[in-house]
Amino acid sequence: MSTEWPLWEIFIRGQHGLSHRHVGSLHAPDAEMAIRNARDVYTRRNEGVSIWVVKSADITASSPDEKGPLFEPSNAKIYRHPSFFDIPDEVENM
Amino acid sequence: MEAREAALFELALRMGDTALILGQRVSEWCGHAPALEEDIALANTALDLLGQTQMWLELAGEVEGKGRSADDLAFLRDAWDFRNLVLAEQPNTDFGHTIMRQYLIDAWNRLMLDELQNSADARIASIAGKAARETAYHLERSRDLVIRLGDGSEESHARMQAALNTLWPFTDEFFEADDGDALLAAEGIGPDTAALAPQWQREVQASLAAATLDIPEGRTNPSRSRSGRHTEHLGHLLATMQWLQRAYPGARW
């Protein structure tokens, strides 16, 4: 058995209405302590109203090798980008 | 000072000095804790306690009426003038001792602050209101760690039991009351400490049972802090904490 605590990815929601955002990672023996550690490490300056923790090992990531096939095709399809609209200043989080 | 002011001064010192001395002890872990996450959590706790110190000692100075600031009280008094619970000054020893000391005092602080929030003295109620929330978190955290470590590996259990055996006798003085306390309780300013003792016992007995730890029997410790009689550890702690103001009186950033 490994004596190292597993790594957790921490997501914090800054205010109501926004999504949780990835803020970093930390070590903890289980989910409950990961939440506490996240509270102490990442919300010291009143950054959040909600915390999610996910075991890093449970995240499946896309492979950097497949970057071309995965992402480049959408580059050329400008009609998918809504860049022809003016966004009013009042819409802050888009 | 009149008896009422004198009692109020003592109460503010007991709360403020306990927070100050425990905060100073916990801050000794800064940069040395067993894990980075724990290091930051302990530093947060120490800073919270120093914040509580500031409020309580400011009130003490105000009540005393001799123009002493919170800093004067923290840095220019000698050991026999301190009124902190003697448990707070006990050395860190290891992480187990540190967490056990923290838990026993957090449970005391939580009860005291809950009561003091309803104080007839608005200044006390306001300070207790500000300190109560973070102290509730401190207690949740230290209780959780006591249970995890007590009911953990063979080694962590042995360390927590050793810490409990050493530190438990110092809790005897937690809820003692003298004439001054009775006066404050009668006026609704201070807590009825006799009523708090069983609540503290219940909290601590339940958590220590969950931690599979045995409360040592037959070991008691006479009251000390109310008369300014401390263990030998306080003088060393104060030497470290106060030396700069003692060597360079009035030094500022």
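Everything numeric here is computed off the predicted structure, so don't read it as measured data. By convention in this document, chain letters (A, B, ...) are assigned in the order of the sequence lines, proteins followed by strands, and residues within each chain are numbered from 1.
The neighbour count for A:Lys77 NZ, taken as heavy atoms of other residues, nucleotides or ligands under 6.0 Å away, is above 12. Other residues, nucleotides and ligands contribute over 12 non-hydrogen atoms within 6.0 Å of the CG atom of A:Asp58. At most 12 non-hydrogen atoms from other residues, nucleotides or ligands lie less than 6.0 angstrom from CZ of B:Arg159.
Using a 4.5 Å heavy-atom cutoff, the side chains of A:Met33 and B:Asp144 are in contact.
Contact of B:Leu47 with chain A is made through the side chain alone, with heavy-atom distances under 4.5 Å. The part of B:Ala35 that comes within reach of chain A is its side chain, from C-beta onward, which places non-hydrogen atoms under 4.5 angstrom from that chain.
Residues A:Arg36 and B:Arg141 come closest through the heavy atom pair NH1-CA, 3.9 Å. Taking both residues in full, the closest heavy atoms of A:Glu32 and B:Arg148 are given as OE1-NH2, 3.5 Å, listed atom of the first, atom of the second, then distance.
A donor-acceptor pair under 3.5 Å is formed between the side chain of B:Asn44 and the backbone N or O of A:Asp40.
A:Trp5 contributes atom CH2, which lies 6.0 Å from atom CD of B:Glu38 (distance to the nearest 0.5 angstrom).
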